[in-house]
Structures are given as structure tokens and as C-alpha cells.
Protein chains: 2
Amino acid sequence: MNQKQDGRSPSTRERILDVSLRLFSEQGYDKTSLREVAENVGVTKAALYYHFPSKESVLSALLEQAHVLGAHGVIFFPTAEIARDPGRLAAFAIRAIDTVLSQRSVFLLMERNRAAIAALPLPDQDHGDLHRQMEERWSALLRDSAIPLRQRVRFASALGAVMATAMGSLRGLGDAGLPALRQELALAVMDILEIPASSRPPLQESIGES
Amino acid sequence: MNQKQDGRSPSTRERILDVSLRLFSEQGYDKTSLREVAENVGVTKAALYYHFPSKESVLSALLEQAHVLGAHGVIFFPTAEIARDPGRLAAFAIRAIDTVLSQRSVFLLMERNRAAIAALPLPDQDHGDLHRQMEERWSALLRDSAIPLRQRVRFASALGAVMATAMGSLRGLGDAGLPALRQELALAVMDILEIPASSRPPLQESIGES
DNA sequence: GTCTATAACCAGATAGAC
DNA sequence: GTCTATCTGGTTATAGAC
């Protein structure tokens, strides 16, 4: 479940992240105590503090991990330039869909704990924090009045569609299998973004993860 | 801001709800203490407990209020039957858009505090709880394998699009004015749901609220 | 690298006076 | 309807032994 797969069995740190991801998603970040995490990992509360300096840092680590693993943290930074070119926009959208679907357990965590994540302290000066960078890029794009309102609404809608469908895949929508879901989602997003047939990329490729 | 507008100035109960809505949305439900709410209202913590039996009941009250005000709590219950008829589906979608946009401050609260809301105890046996009923209806629709996957993905996408756009309207997307935003969103949703031109309703009507 | 023990704190909630 | 005062319990986090 957690990456870094050598043959080795997962380190304590990795097990903490796995358990945290599960509990934070199921019960919510705030309602999950470190004592509870520790019990499920099979260590004591204090042991957690050896691996992470604070509860918040566990949440941060989960977000970072997902963004780094998900296509190297680059594909989530849409720009106005990309948005102007239907072909590039379509390719961007497909990559975003694959990233969200393959990392959907972490995106579920994100969607269910937006408030807690927003309240996260900034990690010591502009270092890292891919998550916030990504949010700011999207925000800038949506408020960029140089882009026609119609297109901005389409961007927001596409993002919402991807997130909602990926979340649905964890609650019953996914019964038909991930590849089929991916295919239908990609088509829906192409419609939302009004990508002309000539600019639509072929849809092969595969997906992984939990 | 809070409904029930006779000429009267808002009751303490109403002011508690207004302040809670603001703070819960800005900082998150779990990170907002009742002491903080009380201070902003201008009363003491204990006074809150006269009006509400618990912190959770404040959150519940906010959700109920929105669903009741928003088109009488009915329009959010999509059924497989409605989904089969393009005309009815389109009309349903438009009403949903208007409800979410007019109550968007509460929907922001919902989106940012999904975990806390999911953890809310059920209000004493099947009474009320429009919020959970609505979530279950949507969930049932998305997992209903009698409906083609393609259409279910479209439903999920449409819902996501409406929510994302409404949230965007509170963060810069709304600069062009709500009516224009509503118009573009409605068009996008018609595309997502693949409503044929002949079944698309005309788009007049207006919006209100904060 | 993991433990025991405990510090320090603050939350939600209640009792009862006014 | 609002207050003061207090209780109870759980939380993050730390110090220091092993």
C-alpha cells in the first residue's frame, strides 16, 4: 500500500503513514487521536513522536507523498498558457485524471479534511509544500479575468468532476472496474472542457494503487 | 444574513448560527471552540448551552436550515426515475444549481467539514436529518448498476461541477456576477448530463443570499 | 528505536445563582 | 436568558530510562 517497495517489510514510519491515512480518512483528522493511531500500528504514542515531530507533520507527510508520487508533482500546475491550447489542455486533463485515480485514497483524505489541511502551518518558508502551490495555481487560474468566464467555469467544473468521480469510485461507483471508470470520466471531462474531437488524445494507459 | 427576517433584529440564537457559520467555515468546525464563538457573539460559553444542547447540535442546525430554506428540502432527492427523463433531469439540475448557489455559504461549510459532518450522530431516530437523506440518495444513485456507468459518471461529474463552481464563486470566480456564473454553470451541466437541445429549459430565474 | 510516566493544557459540558 | 464557577476527561507533547 505504501510506496518505497524494496523487498523490505514496511518500516514503522511507513506503517504509521498507512494507518494514519486510513483513520484520518474514515474518522477525520481531528477526531483521530495519536493514541488511536499508535494502538493500530502496535506501538506507543510516544514512539510516534520519535518519527514525527507533531500530529500536523503526519498529515503534511501524507500530502507531500501523494503529490510527489503522483506524476512527480508537476502535472498539477495548470497555467493560463496550457489552458489556451486545446491539445495541451486535453493531455493535462488526462494526466490529472490518472493521478487522482491512482492516488485516490489520499485525495479522499484531502476532500474529507479540507479545513484541517487549510489550517496546516506553512512548512518553514517556501520550502516544498506542493499541496499549497497546487491550490494557489488553481485559484489563480480561476480568478484570472483574462480568461473568459465560460472557460473558467469549465475548469472549475472539470476539477470538480474528477474529484467527485474519484471519490465515488471508493463508494460504489467503481464496481465496473477502474479502467472503465477512467474511460467514461475522461470522456466527460473532454466534454466539459469542450475539447474538439481533433484534439482529443487516444485513451490507453493504465492505473495502479489501492 | 440569517433568514427569518421580520423587522426584528436577530435573536441571540440567530446570531450564534451566523457567527458559527462564519467561524466553522473559515477555521474549520473542530478548530473552532465554543468559547471563540461565544466571544464573537458577545455572550459567554454557558449562554450558548442555553440555546443549543451541544456543539454538534449547532452544526446540525446549520445544515438543516440550509436544506429547509433551499427549495423546501425536496429538490435534492434525485431518483432513478427522474434520471431517466432528460427533461425532468434538466429541470432538477437547474433547481439544484440555484439552491447550491443561493445557499453557497453553507455548502462551503459542508465541503470544508465533510469529516466532522459525517461523524455527526444521527438525530434521534429517522427524524429529520435531511442532510443524510440527501447523501444517501446520491449514493444510491451512483451505485445503482441498473443505470449505465456512463450516466452515473455524468451524475457524479455534474454534482462535482456544481459544488466546485459554487465554491469558486466565493474565491474569485464570482467577479463577473452571480447571474453570469449561473448561466455558464447551467450550460456546463447540461453538457455534462448530455441533455439534448430540445430538452433544455430556458434559463431565467434569480438568486439571492449572502 | 522504543518504552513508561507525566506534564501541561484546553476542550465540552453542568450546576446553580441572579 | 445570561452569568460565574467548576468538573471531567481527553489531547498533544516532553523527559528520561532502557
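Letters A, B, ... are given to chains in the order of the sequence lines, protein chains preceding strands, and every chain is numbered from 1.
Between B:Lys45 atom NZ and C:dA15 atom C1' the separation is 14 Å, expressed in whole Å. Per the geometry, CD belonging to A:Glu14 stands 13 Å off P belonging to C:dG1, to the nearest Å. In this structure, the CG atom of B:Asp30 is 12 Å from the P atom of D:dT12, given to the nearest Å. Remark: C1' of D:dT11 and CZ of A:Phe52 are 19 Å apart, rounded to the nearest angstrom. Across the protein-nucleic acid pair, A:Lys55 atom NZ and C:dC10 atom P stand 16 Å apart, rounded to whole Å. Taking atom NZ of B:Lys31 as the reference point, atom P of D:dT11 lies 14 Å away to the nearest angstrom. Rounded to a whole Å, the CD1 atom of B:Ile16 is 14 Å from the P atom of C:dG12. In this structure, the OH atom of A:Tyr50 is 9 Å from the C1' atom of C:dT2, given to the nearest Å.
In this structure, B:Ser33 reaches the sugar-phosphate backbone alone: every heavy-atom distance under 4.0 Å involves primed, P, OP1 or OP2 atoms, never a base.
Between B:Tyr49 and C:dA13, a side-chain N or O to OP1/OP2 separation shorter than 4.0 Å is present. Contact between the side-chain N/O atoms of A:Thr12 and the OP1/OP2 oxygens of C:dT2 is found at a separation under 4.0 Å. Residue B:Thr44 places no side-chain N or O under 4.0 Å from the OP1 or OP2 atom of D:dT2. Close to D:dG10, at under 4.0 Å from its OP1 or OP2, lies no side-chain N or O of A:Arg35.
When each of C:dT2, D:dT2, C:dT14 is scored by its nearest atom to the side-chain atoms of B:Ala47, the top-ranked nucleotide is D:dT2. Of the candidates C:dG1, C:dA5, D:dC3, C:dA5 carries the atom nearest the A:Ala46 side chain, counting heavy atoms from C-beta on. Which of D:dT14, C:dC3, C:dG12 sits closest to the side chain of B:Leu34 comes down to C:dG12.
For B:Asn113 and A:Arg114, the side-chain atoms include no donor-acceptor pair closer than 3.5 Å. A donor-acceptor pair shorter than 3.5 Å can be found between the side chains of A:Gln27 and A:Glu36.
With a 4.5 Å cut-off on side-chain heavy atoms, A:Leu187 and B:Arg150 count as touching.
Geometrically, B:Lys31 does not engage B:Phe24 in a cation-pi contact, judged by NZ or CZ lying under 6.0 Å from the ring centre and within 45° of the ring axis. A cation-pi arrangement is found for B:Lys55 relative to B:Tyr29, the charged atom lying closer than 6.0 Å to the ring centre and inside a 45° cone about the ring normal.
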